[in-house]
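Order of listing sets the numbers, starting from 1, for every ligand and every atom in it. These figures come from a predicted structure and were not determined experimentally.
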Amino acid sequence: MHIVVLSRNAKLYSTSRLVEAIEEAGHKATVLDHLKCDIVSEKDNPCIYYRGTKVTGVDAVIPRIGASVTFYGSAVVRQFEMMKVFTAVDSQALVRSRDKLRSLQILARAGVGMPKTVFTNYSTEVKKIIDSVGGTPLIIKLLEGTQGVGVVLAPTQKAAESMIQAFHSMKARVIVQEFVNEAKGEDIRAFVVDGRVVGAMKRKGKEGEFRSNIHRGGSTELIKLTDEQRRAALIATRSMGLSIAGVDMLESDRGPLVLEVNSSPGLEGIEKATKKNIAGKIIAYVERKVTQNRARTNKRRRVKSDA
Ligand code: ADP
Ligand code: MG
């Protein structure tokens, strides 16, 4: 098989591990920078050019699209879908997962627990917003932030009011969220591949930091999920239409609360914490899907020629 990893940088840990795993499984790996892909649309002939050369003979694509290039990256993934190439992340699901508000709406509908959250169209009823998440301390998040940047803690009523007003006056889209104090600066990352949790870790924020992101200096620890946490991670992933995801949860008095579902979850933290070959699990999933799809296409062809 020829498997393409869409990534801006072949040297990144996740990208190089995926390439390694593809080659270990005996397949051909190519890294393409999605921002250097040209999308050519024409009746019945969708194609992609990479640095001027037509991309052909690809069996599967593993998108590793950064949050800052979701628009173009998802268009490239969609084009591969048009070319009937299997993509490990569906383009629609990718776009969906990048919008924190839309994600929370979908998760709520699926019955997944989450911190109480408010989103408004720059409402001036700031006190009401604060009341509706149970007062302060509370969390304010930029809708499209990532890696902990754009997540702030407002400790008091005064701080919360002025921060919400400031974000609104800048026309920044934010969500206001109940602060889950019991989480104690820790969160849980469950790595899901094809309906199974293949690895889980606890992330702990550095001293005095409520954000547990590794990019903010957080440390990791191997954990075993409770049944409730595993269920929440799997339902969250499925409801977002993803097959591969990193689900972030907080542990609270009322069970696991899902914060977000990442569609390009990093491999470094989870592989190091679990000492597992997670990249290999992703490639095994891609192999299964490509083989399944091939069998299906062949069957369809046979039925057609019989008719
Ligand atoms: P990002 O996309 O930037 O990672 P998150 O929503 O995952 O944004 O928040 C970053 C971190 O901040 C989380 O991993 C968690 O440790 C902490 N955090 C986020 N929301 C809450 C909350 N409602 N209560 C307590 N801690 C939170
Ligand atoms: Mg996060």
Considering only N or O atoms, set out every pair between ligand 1 and the protein closer than 3.5 Å, with distances to one decimal place.
{"from": "ligand 1", "atom 1": "2 (O)", "to": "K100", "atom 2": "NZ", "distance (Å)": "2.7"}
{"from": "ligand 1", "atom 1": "2 (O)", "to": "E260", "atom 2": "OE1", "distance (Å)": "3.1"}
{"from": "ligand 1", "atom 1": "2 (O)", "to": "E260", "atom 2": "OE2", "distance (Å)": "2.9"}
{"from": "ligand 1", "atom 1": "3 (O)", "to": "Q147", "atom 2": "N", "distance (Å)": "3.3"}
{"from": "ligand 1", "atom 1": "3 (O)", "to": "G148", "atom 2": "N", "distance (Å)": "2.6"}
{"from": "ligand 1", "atom 1": "4 (O)", "to": "N213", "atom 2": "ND2", "distance (Å)": "2.8"}
{"from": "ligand 1", "atom 1": "4 (O)", "to": "E260", "atom 2": "OE2", "distance (Å)": "3.0"}
{"from": "ligand 1", "atom 1": "6 (O)", "to": "K141", "atom 2": "NZ", "distance (Å)": "2.6"}
{"from": "ligand 1", "atom 1": "7 (O)", "to": "E260", "atom 2": "OE2", "distance (Å)": "2.8"}
{"from": "ligand 1", "atom 1": "8 (O)", "to": "K100", "atom 2": "NZ", "distance (Å)": "3.2"}
{"from": "ligand 1", "atom 1": "14 (O)", "to": "D187", "atom 2": "OD2", "distance (Å)": "2.7"}
{"from": "ligand 1", "atom 1": "14 (O)", "to": "S212", "atom 2": "OG", "distance (Å)": "3.2"}
{"from": "ligand 1", "atom 1": "16 (O)", "to": "F210", "atom 2": "O", "distance (Å)": "3.3"}
{"from": "ligand 1", "atom 1": "16 (O)", "to": "S212", "atom 2": "N", "distance (Å)": "3.1"}
{"from": "ligand 1", "atom 1": "16 (O)", "to": "S212", "atom 2": "OG", "distance (Å)": "2.8"}
{"from": "ligand 1", "atom 1": "20 (N)", "to": "K141", "atom 2": "NZ", "distance (Å)": "3.1"}
{"from": "ligand 1", "atom 1": "23 (N)", "to": "Q177", "atom 2": "OE1", "distance (Å)": "3.1"}
{"from": "ligand 1", "atom 1": "23 (N)", "to": "E178", "atom 2": "O", "distance (Å)": "2.8"}
{"from": "ligand 1", "atom 1": "24 (N)", "to": "V180", "atom 2": "N", "distance (Å)": "2.9"}

Task: Sub-4.5 Å side-chain heavy-atom contact between L259 and K141 - done: yes

Open item on the list: Taking the basic N atoms (NZ, or NE/NH1/NH2) and the acidic carboxylate oxygens, is any pair closer than 4.0 Å for D90 and R96?
Closed with: no

Open item on the list: Could you check whether any side-chain N or O of D187 sits under 3.5 Å from a backbone N or O of L250, counting only pairs where one atom can act as donor and the other as acceptor?
Closed with: no

Open item on the list: For T297, give me all partners under side chain to side chain contact (heavy atoms under 4.5 Å, CB included), at least two apart in sequence or on another chain.
Closed with: R301

Open item on the list: Working to the nearest 0.5 angstrom, can you tell me the gap between I164 CD1 and I140 CD1?
Closed with: 4.5 Å

- [ ] Restricting to N/O/S, name the atom of D248 that gets closest to the Mg ion (ligand 2).
- [x] OD2

TODO: Kindly write out the residues that satisfy ring-ring contact (aromatic ring centres under 6.0 Å, His included) with Y122, not counting sequence neighbours, or none if the list is empty.
DONE: H168

TODO: Could you confirm whether E260 has any N/O/S atom lying under 2.8 Å from the Mg ion (ligand 2)?
DONE: yes

Task: S123: side chain to side chain contact (heavy atoms under 4.5 Å, CB included) partners, not counting sequence neighbours - done: T120, E125, I129

